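What follows is a single structure, written as structure tokens, with notes after it.
Note that the structure is a prediction, hence the values are computed from the model and not measured. In what follows, every heavy atom counts, from backbone to side chain, and hydrogens, waters and symmetry copies are set aside. Proteins come first, then strands; the chains are lettered A, B, ... in the order of their sequence lines, and each starts at number 1.
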Amino acid sequence: MRFSRFFLPVLREDPKEAEIVSHRLMLRAGLISQQATGLYAWLPLGYKVLRKVQAIIEQEQNRAGAVEMLMPTLQSADLWRESGRYDDYGKEMLRIVDRHKRDLLYGPTNEEMITAIFRSYVRSYKDLPLNLYHIQWKFRDEIRPRFGTMRSREFLMKDAYSFDLDRERAVEAYNRMFVSYLRTFRRMGLTAIPMRAETGPIGGDLSHEFIVLAETGESAVFCHADLMNKPIPGPEVDFRGDLTPIVSDWTSLYAATEDMVDMEEFEQSVPADKRLAARGIEVGQTFYFGDKYSAPMQATVTNADGQEIAPHMGSYGIGLTRVVPAIVEAGHDDNGIIWPVSVAPFEVVLISLKVGDGDCDAACEKLYDGLRTAGIDVIYDDREQGAGAKFATADLIGIPYQLIVGPRGLKAGEVEIKHRKDGTRENVPIAEALRRLMELVVPARLETI
RNA sequence: CGGGGCAUAGCUCAGUCUGGUAGAGCACUGGUUUUGGGAACCAGGGGUCGCAAGUUCGAAUCUUGUUGCCCCGACCA
């Protein structure tokens, strides 16, 4: 992508409405644009990040055996009357009436709908286990949306729903999502710690919130410090095998959010020097809730004994539009965002320091072609701007590697590669630049897999 | 929903207290010179001061209403 042809409205000054760093940087770097309270447009650069986050989630959900589909944003109120939640959900639910005076709602979640779909097709225990997920926009009319897309009213969410014959197998399904989440967040460069959580209006008795520690987090959390450095299951993990040891290992160390914490237990089970009391951002949540929906909605299957039973269900959410600011909170400095390669909107920014100079233009065009041909996601800053402005923009938007090309270096046959993360620079011969960038970028795409 | 605050050029703001016909920086347009960390100079364009009523000879400024946005709290799969 040529910068001159792209749409990247960066702001030089801090927008006054933004308080926390991720909101400020997402606005300044031209990722999002607020359209109303809690409603945001995703500008091209931000949308690229969102798509990369989505791709990682899809890969890891599929790997864990979940199957992707797509349900509508609007739902019939009748469906919610079946579960009893139409009246329970309150003002947070956006209710809509269509031209025929039918009651609709903009879905805040999809348990009812997935259960309805399940019951209309699935009859036998032989079709279980089943885990269906989709990535769709949701709406919750929060009393006070804030912090940009961290807590917006409309938000993009991955929600998966598992169906199993009994509790034991439902816990296996739960474990698959649990392990999948550990991998998913790590691939985005996040350290997300599973913590005991309240189940809220969704119900159930087994639930974890996946929390990224950040000063600006909305909830207070308490956990064992060793959880921060625990190794993540690798790509070799067998989702068809027994995952209990991994889950047990992670849940054996104390971790709870403020709603669930028992300070006495925290202090008893965690040595004083390992007690971590911090704030955190909830980026995902897993629930087991049994037959809370399948029973009242009569979504039953026949078991091996010929009896009708209501499957045990679980649901598993990841807030994509919250994950992005969480990544920014976790990776930034005074100059701007620092993206991990895996979700960076571009992997390399090619900076021409002297647009219009014959040699410089020629060298840049050649490098640009080479990078694209090699499959590197590159943005070429071909604008007629001062060097300082280009460096500042590159730093602000957080592209992991800057390939800097100027007349001075070209005279020596060299270009410069700057690492956004730590500011290190290396001069490389022009002919070596592409190879060196491949060496840096390609392994980093999969970082922790 | 309770409490507090803001609304003036594309952005960040000054001007409001004390009424007299709207400004700065950045951005934008044209030109010249520049070019390795947000370049300089010259010349320009751009605002019915959120909206509506009221007070007044006269309102960005005072009064009332209204809308939008932000912050704190309660709320939050």
Side-chain angles (χ1 to χ4, degrees), chain A residues 9-20 23-24 27-28 30 33-39 85 88-93 107-112 138-148 150-153 155 157-161 197-204 206-210 217-219 257-259 281-289 292-293 313-319 322 334-336 351-357 360 381 383-397 402 404-412 414-416 418 423 425 427:
Chain A
V10 301
L11 305 177
R12 189 160 173 172
E13 293 172 89
D14 284 333
K16 60 176 177 179
E17 72 266 24
E19 286 280 301
I20 67 169
H23 189 194
R24 212 158 55 222
L27 288 166
R28 281 197 58 206
S33 165
Q34 180 173 336
Q35 298 305 305
T37 301
L39 299 176
R85 283 208 294 179
D88 293 348
Y89 220 93
K91 289 185 175 173
E92 229 181 56
M93 181 151 72
T109 175
N110 286 69
E111 278 83 6
E112 284 80 358
K138 307 283 193 293
F139 190 94
R140 285 180 204 164
D141 202 357
E142 299 266 1
I143 296 171
R144 184 151 91 88
R146 63 185 107 173
F147 306 146
M150 184 85 80
R151 178 115 159 255
S152 48
R153 293 193 293 172
F155 57 98
M157 174 169 228
K158 185 283 300 184
D159 40 329
Y161 303 92
E198 272 195 321
T199 51
I202 253 180
L206 176 58
S207 179
H208 289 89
E209 285 183 4
F210 285 70
E218 289 199 84
S219 39
T257 62
E258 57 191 328
D259 299 328
I281 300 165
E282 182 202 338
V283 289
Q285 184 156 16
T286 50
F287 295 94
Y288 160 77
F289 48 72
K292 181 180 167 79
Y293 300 96
M313 296 174 58
S315 74
Y316 317 90
I318 295 178
R322 176 178 285 186
D334 290 345
N335 296 323
I351 299 177
S352 170
L353 292 180
K354 192 160 187 174
V355 171
D357 175 274
C360 194
D381 193 343
R383 297 172 302 159
E384 294 188 27
Q385 292 269 317
K390 292 189 176 189
F391 292 141
T393 300
D395 285 348
L396 174 63
I397 66 176
Q402 300 173 10
I404 301 164
V405 179
R408 186 196 294 173
L410 288 177
K411 272 182 200 146
E414 289 184 332
V415 292
E416 186 178 45
K418 179 186 163 188
R425 298 157 182 275
N427 289 311

Can a donor-acceptor pair be found, under 3.5 Å and without considering hydrogens, that links the side chain of [X] to the backbone of [Y]?
| X | Y | answer |
| --- | --- | --- |
| A:Arg28 | A:Leu396 | no |
| A:Arg146 | A:Arg151 | no |
| A:Gln34 | A:Ala36 | yes |
| A:Lys390 | A:Ser352 | yes |
| A:Lys411 | A:Gly406 | no |

In the structure shown, which nucleotide is the Watson-Crick or G-U wobble counterpart of [N], with both distances under 3.5 Å?
| N | result |
| --- | --- |
| B:C6 | B:G68 |
| B:U55 | none |
| B:U12 | B:A24 |
| B:G38 | none |
| B:C76 | none |
| B:G45 | none |

Legend entry - Inter-residue atom distance A:Lys418.NZ - A:Ile404.CD1, 0.5 Å rounding: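 CD1 of A:Ile404 is found 6.5 Å from NZ of A:Lys418.
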Grab the [atom1]-[atom2] distance between [X] and [N] for me, whole Å please.
| X | N | atom1 | atom2 | value |
| --- | --- | --- | --- | --- |
| A:Arg153 | B:C69 | CZ | C1' | 12 Å |
| A:Arg24 | B:U12 | CZ | P | 14 Å |
| A:Glu384 | B:G36 | CD | C1' | 17 Å |
| A:Glu13 | B:C13 | CD | P | 8 Å |
| A:Gln35 | B:G68 | CD | P | 15 Å |

Once you apply a heavy-atom cut-off of 4.0 Å, does [X] come out as touching a base, just sugar-phosphate, or nothing?
| X | result |
| --- | --- |
| A:Gly319 | nothing |
| A:Glu209 | nothing |
| A:Pro108 | base |

Inset, instruction - Check the pair A:Asp381, A:Phe391 against side-chain contact (heavy atoms from CB on, under 4.5 Å), reporting the backbone distance first and the verdict last. - result: CA-CA 10 Å; A:Asp381 193 343; A:Phe391 292 141; over 6 Å; no
For atom [atom1], what is the distance between [N] and [M], given to the nearest Å?
| N | M | atom1 | value |
| --- | --- | --- | --- |
| B:A43 | B:A53 | C1' | 43 Å |
| B:G19 | B:U63 | C1' | 13 Å |
| B:U48 | B:A60 | C1' | 11 Å |
| B:G36 | B:C76 | C1' | 49 Å |
| B:G25 | B:C17 | C1' | 25 Å |
| B:C1 | B:A40 | P | 50 Å |
| B:G23 | B:U56 | P | 29 Å |
| B:A9 | B:G46 | P | 15 Å |

Legend entry - Pairing of A:Glu111 and A:Lys292 as salt bridge, 4.0 angstrom limit: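 Result for this pair is no, no salt bridge flagged.
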Legend entry - Residues A:Ser207 and A:Glu209: side-chain donor-acceptor under 3.5 angstrom: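 Distance-only check fails for A:Ser207 and A:Glu209.
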Legend entry - Per-nucleotide protein contact string for nucleotides 70-75 of chain B (B base, S sugar-phosphate only, - none; heavy atom under 4.0 Å): SBBBBB
Legend entry - Test item: A:Arg383 and A:Thr393 side chains (from C-beta on) under 4.5 Å apart, heavy atoms: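 Yes, at least one pair of side-chain atoms sits under 4.5 Å.
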Is there any protein nitrogen or oxygen under 3.5 Å from a nitrogen or oxygen in nucleotides 37-45 of chain B, and what are the pairs?
unit_1	atom_1	unit_2	atom_2	d
B:G37	O6	A:Lys418	NZ	3.0
B:G37	O6	A:Arg425	NH2	2.6
B:G37	N1	A:Asp395	OD2	3.0
B:G37	N2	A:Asp395	OD2	2.6
B:G38	O4'	A:Gly388	O	3.4
B:G38	O4'	A:Ala389	N	3.4
B:G38	O2'	A:Arg12	NH1	3.2
B:G38	O2'	A:Arg12	NH2	2.1
B:G38	O6	A:Arg28	NH2	3.0
B:G38	N2	A:Thr393	OG1	3.3

Inset, instruction - Assign the ring pair A:Phe289 / A:Phe287 to parallel, tilted or perpendicular, where the plane angle (0 to 90°) is split at 30° and 60°. - result: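 Correct class here is tilted.
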